[in-house]
Amino acid sequence: MPEARLLCVSDLHLGKSERMARRGGALLPPYETEETLARLEAEVEALAPRCVVCLGDSFDDLGAALAMPEGVRLRLQAMQAGRRWVWIEGNHDPGPVELGGAHRSDLAVQGLVFRHIATQGCAPGEVSGHYHPKHRLPRSGTSRPAFVYDETRLILPAFGAYTGGLRCETPALRNLFAARAIAVLTGPRALAVPLA
Amino acid sequence: MAALPPRFREWFATHGWDPHPHQLEMLERAEEPATLLIAPTGGGKTLAGFLPSLVELADGAHDGLHTLYISPLKALASDIRRNLRRPVEDMGLPIRIEDRTGDTSATARKRQRADPPHILLTTPESLALLISYEDAPRIFAGLSRVVIDEIHALAESKRGDQLMLALSRLQALAPGLRRVGLSATVEDPPALARQLARHPDPCPVIMADPGPLPDIAMLDTAAPPPWAGGGAAHAIPEVLEQVRAHRTTLIFHNTRAQAEIFFHNLWLANADSLPIAIHHGSLARAQRQKVEDAMVAGELRAIVCTGTLDLGIDWGDVDLIIQIGGPKNVKRLVQRIGRANHRYNAPSKARLVPANRFEVLECRAALEAAAEHDLDGDPRGPGPRDVLCQHILIRACAGPFDEGELFHEVRTVGAYASLSRAAFDDCLEFCATGGYALRAYDRWQKLMKRDGLWGLRDPRAAQRIRMNIGTIQDTELLKVRMRGRGGQPLGEVEEAFAASLTEGDTFLIGGQIVRYEGLKEMTVQVSRSANKTPKIAVFGGTKFSASTRLTARILELIHGNWEDLPGTIRDWLSLQRDVSLLPRSDRLLVESFSHDSRAHTCLYGFAGRNAQQTLGLLVTRRMEELGLDPLGFVATDYATLIWGLEPVEDPAPLLAPQVLRDVLEGWLARNAVMKRTFRASATIAGLIERNLPQNRKSGRQATFSSDILYDTLLKYDPDHLLMRITREEAMKGLVDFGRVEEMLARVAGRIDHVTLDRVTPMAAPLLLEVGKVPVAGKGRERLAEEEAAALMAKAGLTG
């Protein structure tokens, strides 16, 4: 939102590898927090937003949030300095974290409502995450993370490094949208296509 | 022990048989720590392997497990169980024989662990699972012999490495264990013997009489093979004629897709309704079982099949092998031919059917090689470390272990005999902490050292490790079902193939044409289609590279005597010679032409499919740097065809060895082949878990692509163990850069560039090849933007 100078990112899933290891799962390369933060820092630097909204599932769970190493805290604090920072609660990370910024279940800004999971029958202007939408052009290449919108809502792709995607054709996702909906594929250039 | 006991002599006599010399020799050598038997199919190989066990068990004095039999196929294990029952029942031997595979019920498995049979028949994966149990020392305490069937097939893959590692564990649990390997013809028996034996034990090789020379020839067809394709539809009448003239025919294909198409065409022409079935790895298990049962019952006249029938299930009366398509590898051809005629003294009979004109050359070259018994094969390098990582995890499941003891155990495996302690420690470290430069998991280690012994930090991890045992890589497969409630399962297709389908597309599976309806809960939904011509089924099937020796022979043939070649091939070659040039072994032919408004360039390297594929990746990468906007390429065993938006005017700078090596360094890291190799190794080593305890697919896709892990490691930890393993694996496997180098050395910069205004006779077949590889770059981005804009315009929207 250029005029509000608001940057919104969704589903960072910081600390995902730590959570998997803690639960006795695979020991994934522990670099995804570094990678996700570096991407976020690049966006913040490029856009200089007045407000940053993290749209939920910012941390893979509360344990991951609590176990954030000092370096990560400092980098988050550096990004938060001089701007409004809002953590929206997600299903992975309900409740507040001790990392600065405001904690909200949702946030209304200039006619838009930011929340983690899209709600049925909401008023127009809803912005959410959660589903990690991805989409592919029928003939050109592999699927890419995608923004999906219609006249009522916008769903953001996941911003975190270790995040899978859900195909836009999946009923749980597709049924949230009207017949005429648009997917915007991320990549070297954003590509807008109508959803089937 | 040398002589056959009277009871056994009588048994042979009642059936009017004489024991084969190699069967008696196996009995004489029963006390050797390891023995390798090389015998043709039908030579009583299995009985030779089991005879010493039956003799040792005949007095009923042995308690518990005595002999372990390992086969690469589940079906083979149950087949052998049936066959062994005969001598055991005839002679009234007090021997309990059971099989144990992925299909064995949980109750039966539990009972087998508590009270093992005398002879247990199983697969490498089931054995790996067995040694992961804490009661493994009790189960295997009295184990005396292990018999590995079809060891030549296992030894070529990581399944063999895993098996040998498991044997090193068994040998520690049962020090007196003796090993027997049963093999078909191979090019280097002593090398196989070294893989089998405990290092450095000796391993005598027993060669059975190979029997009469096989009767092999090309099948004459009225219609010449087409310019391109793998369908061999031209040969249908003659193949049917052969099926009619023989009792039972196996019709081998190199890929599942080709088998499907051929089967479909065969039935369209099968006026007498001869009972002909299809069998390959993508079909639903029930379907395959039906075919196998019908075959055993002698109800089928022919089976259209793939490599899934390469191994020795006893099909009874097969009297003809037909190989459709180039055999790719002379050794495999010879082994396949050995599948015909299980009666020992009759010659095996085989007919080769080239599916296109290139393959005529390949078949001719293979026939000559087979006649000269010039078998090809690549020596296997040192034991792969991803398999070792899995072995360490399996060992940890069975209970605490000492690292020094495990290291010494592993070094008794032939393939790991020269493993360094440092390399072993790397693998152990990876299993314990992930082995990352960033020491992140000190608190959450998977393996921990307590009181000097390594063990699992969280014992619950054992379940996850056991669920992911194995080295067979199923590419992501999706089930195919008829639409509707309780729709009939038809088989599986690769995810990438499913993703390429849009509603209404038709493809072949299990011999029927189906229409793609959509993807529902990770299942491909289809309906019956009345269409006669399906969209080509591009799913499944391993693509082997033609061996170095075979491609060299083909080049010789192109430049040698054409007398034995059919007229159509001679015409084709002379046309190529007139229009362009003939490829030679000491020069590289490069052709450039425009086709379908795209610039095309064809490189005739004759380096095998994988190396030609790598060449395509490297050259297109260089083209991208030079602004030629390549869009894609396709590779065969003989050539690589590249297309793009701009023409190649001078190929020399694209093919300079140093340039290619530099591009390889920079690019190797980021290409799809590396990512595929990484996925395979990371899965075997336990970083990627294919199976999770909970339901695998919840509403939201829980897993993310292994490519992300690869990219992350490349950026933050490029020297990580798995990245090193991936590079090594890729160089010898899918990347096969060794053969690119070999080709470049052979041509030594002598490049013949021919520019034409039309497709050449030799390039034409490549235009029709499936398996085109898209190049992600500026060219494709240009086209994607155009496509997106067109779709928006069509929907009446403006971007």
Side-chain angles (χ1 to χ4, degrees), chain A residues 11 13 16-36 38 67 69 91 130-134 136-144 158 160-167 169-173 180 182-185 187-196, chain B residues 430-436 438-441 443-446 456-461 464 499 502-503 518-520 682 686-689 692 699-705 708-709 711-713 715-717 720 722 774 776 778 780-781 783-789 791-792 794-797 799:
Chain A
D11 298 272
H13 287 272
K16 186 177 185 107
S17 60
E18 192 264 352
R19 172 167 170 256
M20 300 252 321
R22 184 177 355 122
R23 297 175 146 209
L27 303 175
L28 296 180
Y31 305 105
E32 87 287 4
T33 298
E34 163 74 29
E35 172 68 14
T36 305
N91 53 311
H130 180 66
Y131 288 97
H132 304 198
K134 66 174 181 180
R136 68 187 280 277
L137 295 177
R139 291 192 294 117
S140 316
T142 53
S143 64
R144 302 174 181 182
Y162 289 177
T163 47
L166 185 68
R167 295 159 65 112
E169 296 80 18
T170 314
L173 181 53
R180 279 167 74 100
I182 304 284
V184 182
L185 278 66
R189 285 185 59 181
L191 299 174
V193 290
L195 275 193
Chain B
F430 166 78
C431 294
T433 68
Y436 299 106
L438 178 66
R439 311 285 313 175
Y441 297 130
R443 275 179 76 198
W444 309 123
Q445 282 183 240
K446 190 170 247 170
L456 295 172
R457 170 180 64 86
D458 182 347
R460 287 172 302 178
R464 298 175 72 137
T502 49
E503 196 182 317
L519 198 63
K520 195 177 165 197
L687 181 65
I688 297 169
E689 296 172 308
L692 292 172
R700 188 161 60 79
Q701 188 173 317
T703 56
F704 51 94
S705 138
I708 293 174
L709 294 182
D711 289 337
T712 307
L713 280 175
K715 187 166 171 186
Y716 293 99
D717 212 341
H720 185 261
L722 276 182
K778 285 195 279 297
R780 199 150 291 277
E781 211 54 42
L783 296 183
E785 282 166 28
E786 285 165 22
E787 189 191 349
L791 286 169
M792 291 297 275
K794 204 169 148 195
L797 301 161

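Because the structure is a prediction, the values reported are computed rather than measured.
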Asker: About how many Å separate CG of A:Leu28 and CG of B:Leu713, when rounded to the nearest 0.5 Å?
Answerer: 9.5 Å

Asker: Compare all side-chain heavy atoms of B:Met792 with those of A:Ile182 and state whether any distance is below 4.5 angstrom.
Answerer: yes

Asker: So which part of A:Arg23 gets closer than 4.5 Å to some heavy atom of chain B, the side chain, the backbone, both or neither?
Answerer: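 Contact with chain B: backbone only.
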
Asker: Just verifying a value: how many Å separate A:Leu137 CG and B:Glu787 CD, rounded to the nearest 0.5 Å?
Answerer: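 One gets 5.0 Å once the value is rounded to the nearest 0.5 Å.
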
Asker: Can you tell which of A:Glu18, A:Arg19, A:Met20 makes a side-chain contact (heavy atoms from CB on, under 4.5 Å) with B:Trp444?
Answerer: A:Glu18

Asker: Looking at B:Arg457, I want to see if its CZ is surrounded by more than 12 non-hydrogen atoms of other residues, nucleotides or ligands under 6.0 Å.
Answerer: yes

Asker: Could you check whether the rings of B:Tyr716 and A:Tyr31 sit parallel, tilted or perpendicular, using 30° and 60° as the cut-offs?
Answerer: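 B:Tyr716 vs A:Tyr31 ring planes: parallel.
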
Asker: List the atom of B:Ile708, the atom of A:Ala161, and the distance in Å for their closest heavy-atom pair.
Answerer: CG2-O, 3.2 Å

Asker: Using non-hydrogen atoms only, which part of B:Lys715 is less than 4.5 Å away from chain A: side chain, backbone, both, or neither?
Answerer: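 Looking at B:Lys715, just its side chain touches chain A.
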
Asker: Grab the two heavy atoms, one from B:Leu687 and one from A:Leu27, that are nearest each other, plus how far apart they are.
Answerer: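 So the minimum-distance heavy-atom pair works out to CD1-O, 3.1 Å.
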
Asker: B:Asp458, B:Leu722, B:Thr712: which one forms the most heavy-atom pairs within less than 4.5 Å of chain A?
Answerer: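 Option with the greatest count: B:Thr712.
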
Asker: How close do A:Pro29 and B:Leu709 get, heavy atom to heavy atom, and via which atoms?
Answerer: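 Looking at all heavy atoms of both residues, the shortest contact is CD-CD2, 3.7 Å.
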
Asker: Which heavy atom of A:Gly24 sits nearest to which heavy atom of B:Ala461, and what is that distance?
Answerer: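 Taking every non-hydrogen atom into account, O-CB, 4.2 Å.
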
